[in-house]
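Written below as structure tokens is the structure these notes are about.
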Amino acid sequence: MRPRIDAVAETPLRRGFGALTIRDRLRDEILSLQLRPGQLLDEVRLAERFAASRSPVREALVHLQAEGLVDTLPNKGTVVAGMNIEEFPQYIDALDLVQRAVTRLAAELRTDVDLERIRQEQERFRATVPARDALGMIQTNMDFHLAISEASRNPYLHDAYRRLLVGGRRMLRLYYQSYDDDLPPELPASHDRIIEAIERRDVEWADRLAREHAEEVHGRFIHFMAQRRTRDIPIA
């Protein structure tokens, strides 16, 4: 059973760093699904938990609301934002189109500096995989794809892609959970192939790999959500 949000005593936070530290800890708990969609985030209990005043707690919640991770509801307070699973097909459609666009443009327009940064972000992602560090994988996967997006030289597409990736972090958590956080080698290798296509400036190959990447996430996610754990259990 997961602990209640107000059940864990925290070390008092240093003055001046309270809001950012609270934000980061709550973000991790939301992205890891320890805090569930719709769960109430009571400011008083959070202040007690973090040994802080309500001011940094309130500031942390404002940051999280800007990321789309919490909602403020009339007469109810602040709750963990819903995940809108029913919108997943539309989300993947948008991700597929924007991901292909930025990857194509990166293959066409990238510089050597861009390519080096993309490789560095891939190595950071790869380092999180053996440790089964789900939160690390979420962050470094996003950083890898945003490095590609920056190489596209299109700030409008980059901003749209960033919002899609930020908004899809909890769905990516479920995707990794479908592998029990133990990713098969071909998944990090798919990033390597994208890097190779960008390095070769092969626009069509980059486009195809970006689409395959989105389709793999879609297929795996749908498979995971369709699993039934009790179907073969006999009932006397």
Side-chain angles (χ1 to χ4, degrees), residues 1-8 10 19-50 52 54 56-96 98-99 128 132-143 145 160-183 214 216-230:
M1 179 179 297
R2 300 182 190 276
R4 287 172 47 129
I5 186 172
D6 56 333
V8 181
E10 299 282 352
L20 297 182
T21 305
I22 294 168
R23 177 202 65 187
D24 291 347
R25 295 189 189 180
L26 292 178
R27 180 198 287 132
D28 284 350
E29 292 173 5
I30 292 170
L31 294 181
S32 67
L33 303 179
Q34 181 177 342
L35 293 176
R36 297 292 185 177
Q39 185 168 342
L40 179 66
L41 300 176
D42 182 78
E43 288 185 11
V44 174
R45 289 180 175 176
L46 285 171
E48 292 173 352
R49 172 187 169 186
F50 290 106
R54 292 179 65 178
V57 169
R58 193 173 295 115
E59 182 180 344
L61 294 176
V62 168
H63 282 291
L64 294 171
Q65 186 171 16
E67 294 184 33
L69 293 176
V70 305
D71 291 323
T72 300
L73 304 179
N75 303 319
K76 186 171 183 180
T78 302
V79 299
V80 178
M83 290 182 64
N84 297 324
I85 297 298
E86 68 277 5
E87 296 180 2
F88 182 70
Q90 294 97 316
Y91 171 80
I92 284 293
D93 282 344
L95 181 68
D96 175 45
V98 179
Q99 185 162 275
T128 65
R132 298 169 67 174
D133 176 8
L135 292 176
M137 286 188 283
I138 290 170
Q139 183 62 51
T140 56
N141 176 77
M142 184 168 69
D143 292 341
H145 286 288
Y161 194 40
R162 180 188 59 78
R163 285 186 280 111
L164 284 166
L165 293 175
V166 167
R169 286 176 295 177
R170 283 184 292 172
M171 286 185 279
L172 191 61
R173 177 68 193 98
L174 291 175
Y175 169 75
Y176 291 145
Q177 188 175 320
S178 76
Y179 288 105
D180 195 26
D181 298 336
D182 188 12
L183 300 190
E216 200 281 331
V217 172
H218 176 258
R220 185 73 189 185
F221 186 86
I222 294 300
H223 172 75
F224 176 68
M225 296 302 293
Q227 287 181 353
R228 294 174 57 193
R229 304 292 185 183
T230 61

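It should be emphasised that the depicted structure is a prediction, and the values quoted were computed from it without experimental measurement. Numbers here simply count residues along the sequence, with the first being 1.
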From CA spacing to verdict: side chain to side chain contact (heavy atoms under 4.5 Å, CB included), L95, Y161: CA-CA 7 Å; L95 181 68; Y161 194 40; 3.8 Å; yes

Side chain to side chain contact (heavy atoms under 4.5 Å, CB included) between L31 and R173, worked out: CA-CA 7 Å; L31 294 181; R173 177 68 193 98; 5.9 Å; no

Residues V217, M171; criterion side chain to side chain contact (heavy atoms under 4.5 Å, CB included); working and verdict: CA-CA 10 Å; V217 172; M171 286 185 279; over 6 Å; no

R170/V80 under side chain to side chain contact (heavy atoms under 4.5 Å, CB included): CA gap, chis, key distance, verdict: CA-CA 12 Å; R170 283 184 292 172; V80 178; 3.6 Å; yes

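Taking the charged nitrogens against the carboxylate oxygens, R27 and D24 do have a contact shorter than 4.0 Å, which makes a salt bridge. Using a cut-off of 4.0 Å between Lys/Arg side-chain N and Asp/Glu carboxylate O, R54 and D42 are scored as not salt-bridged.
Here the shortest heavy-atom pairing between I92 and A214 reads CD1-O, 4.2 Å. For the pair D181 and M137, the tightest heavy-atom approach, listed with the atom from each and the gap, is O-CE, 3.8 Å. Of all non-hydrogen atoms in L40 and K76, the two that sit nearest each other are CD1-O, 3.4 Å. The shortest heavy-atom contact between Y175 and F221 is N-CD1, 4.4 Å. Closest non-hydrogen pair, M83 versus P37, comes out as CG-CG, 3.8 Å. In this structure, L135 and S32 approach most closely via the heavy-atom pair CD2-N, 3.9 Å.
To the nearest 0.5 Å, the span separating CZ on R23 from CD on E67 amounts to 6.5 Å. Atom CD in Q139 sits 4.0 Å away from atom CE in M142 (nearest 0.5 Å). With rounding to the nearest 0.5 Å, the separation of CD in Q65 from OG1 in T72 is 4.0 Å. We find the CG-CG distance between L69 and L35 to be 10.5 Å, quoted to the nearest 0.5 Å. The distance from the CG atom of L41 to the CG atom of D71 is 10.0 Å, given to the nearest 0.5 Å. The line from CZ of R58 to CD1 of I22 is 11.5 Å long, rounded to the nearest 0.5 Å.
The side-chain heavy atoms of L46 and L26, taken from C-beta on, include a pair separated by under 4.5 Å. The side-chain heavy atoms of F88 and I222, taken from C-beta on, include a pair separated by under 4.5 Å. Taking 4.5 Å as the limit, some side-chain heavy atom of R132 sits within range of a side-chain heavy atom of D180. Using a 4.5 Å cut-off on side-chain heavy atoms (C-beta onward), Q177 and L174 make contact. Between L164 and V98 the shortest side-chain heavy-atom distance falls below 4.5 Å.
Sequence neighbours left out, not one pair with a member in residues 81-90 passes salt bridge (Lys or Arg N to Asp or Glu O under 4.0 Å).
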